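Remember, it's 1-based here, ligands and their atoms both numbered in the order they're listed. Note that the structure is a prediction, hence the values are computed from the model and not measured.
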Amino acid sequence: MTQTLSRVLDASLKLAVTLSCGAALAALSLGSAVAAAEGPAKARAPAEPVIAGGKPQRLIVNPTEDPSRGFAVTWRMEAGAGKGLVEYAEATPGPAFEDAVQTVMADSEVIQYVPRNGPPVSAIAHSAVIDGLKPETLYVYRVGDGRAFSAWRQVRTAAASAKPFTFLYFGDVQNEVESHGSRVMRMARRLAPEAALALYAGDLINRSDADREWAEWFDMAPDLHAELLTLPSPGNHEYGPPVDGRQPLAPQWRQQFTLPRNGPAGVSALSETVYQVDYQGVRFLSLDADAISDSPELADATLKWLEARLTDNPNVWTVVFLHYPIFSTAKGRDNAELRAALEPVLQKHGVDLVLQGHDHTYARGRKGGPVYVVSVAGPKQYVGGDREWASRKATGVQLFQAISVDGGELTYKAYTATGALYDAFRLSKLARGKPARLIDLAPKSAELDLKRAP
Ligand SMILES: [Fe+2]
């Protein structure tokens with residue numbers, strides 16, 4: 001209303017000023033009458049539409065080590081923005097939560113570098129951990145710099161103990177992320193709107209430091225990133241060419257994600273790439289496959305950490321996710337050293353599910369305990385190998401998975417980009433440590449075992 005009046009007054013040099021002003025004032029006075037009839041309006045500070053520093057971008061929520069008590073928020077603003085902050089409150093059916101908003105100041109980092117791929121990047125990365133929350137409670141939050149804000153977003157904290165929930169799993173998106181990848185993300189939200197978490201098994205983008213590709217990754221699913229706890233594991237495409245004998249992780253990784261720093265103690269190279277999250281009866285363990293393959297020291301640190309996390313595990317279910325497959329699915333590929341290092345540990349400790357990417361094909365099979373899955377969410381598709389270990393396989397299909405856990409049952413469903421159920425099974429066990437029984441639920445009639453090569 002104020003803006004209408006101001007626009008009208010700006011036109012006051014014109015002959016029509018009297019009439020326009022009169023109409024505007026009449027409208028203003030009508031508005032006041034309505035407001036008076038409904039009671040005093042609450043004094044809110046709406047976000048300004050155009051501000052130096054722009055609007056918050058690349059908004060994402062990640063889990064903290066205890067997702068029943070908090071969550072982490074990360075976003076980016078253009079250079080020139082003010083100090084970053086998060087406002088949050090318990091959600092209410094209407095805007096009443098605004099009376100109980102609390103504010104947390106963000107940690108901020110100036111981003112200024114010239115990537116190998118693309119123009120120079122200049123921005124401010126903000127992150128904050130919201131802690132001390134109630135379990136199993138829906139919260140609203142928004143981020144900004146005190147002048148420009150995101151929309152209010154909603155995130156539910158986890159229950160403090162085992163309780164049914166659903167999580168999503170995506171293999172490599174990597175290429176044509178927005179044009180092709182977003183289709184899979186939208187279908188995932190349609191078919192599993194109840195999902196609380198989203199796991200990515202690496203190769204989120206193609207060229208590690210290409211900032212435009214990361215912008216696309218955020219743009220492909222802004223609602224999903226801002227409202228489901230995201231658990232990414234890095235792939236080889238998140239690493240650049242070697243510098244001093246070691247491949248550098250994309251600078252965007254730690255700027256854009258705020259993940260639990262509970263990986264191998266004192267090993268900064270694995271910080272926020274190797275981590276653990278316990279969520280309602282499931283232990284999720286992200287491994288940095290590239291680091292394991294690249295460095296004996298990092299492989300050793302990872303294995304020790306993994307052994308400890310699998311030994312000290314009170315959860316009924318254990319899910320390990322990493323980029324390189326223990327059992328390859330693409331023609332001519334094999335990760336023998338990785339398999340030799342990891343498979344005995346995964347088997348010994350009764351890991352239930354190993355979720356992977358990299359091979360741009362699909363396969364699911366069970367080998368000596370864990371069920372291994374390789375999947376691909378993006379459009380790049382390879383020719384499938386023999387995959388004699390797999391009981392279900394495909395090439396030429398973009399997929400996502402919705403996996404539900406309910407007590408002693410874990411139900412896995414893989415859907416195509418068109419929403420067709422391609423694969424399904426259920427794991428059933430009586431208690432932690434007991435071997436799970438697998439019930440194959442794959443649709444027999446689906447004509448989806450596509451043989452077509454790319
Ligand atoms: Fe890869």
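- For the pair E307 and K348, the salt-bridge criterion is met [side-chain N within less than 4.0 Å of a carboxylate O].
- For a distance bound of 2.8 Å, the N, O or S atoms of Y324 include none lying that close to the Fe ion (ligand 1).
- Annotation: cation-pi pair R142/F149 present, NZ/CZ under 6.0 Å from the ring centroid and within 45° of its normal.
- Contact of the V73 side chain with the T258 side chain is not registered, since no non-hydrogen atoms from C-beta on lie closer than 4.5 Å.
- Taking the Fe ion (ligand 1) as the corner point, the angle from H323 atom NE2 to D203 atom OD2 is about 90° (rounded to 10 degrees).
- At a threshold of 4.0 Å, the pair R392-D440 does not count as salt-bridged, since none of the basic side-chain nitrogens sits closer than that to a carboxylate oxygen.
- The angle N236:OD1 - the Fe ion (ligand 1) - H358:ND1 amounts to 100°, with values rounded to 10 degrees.
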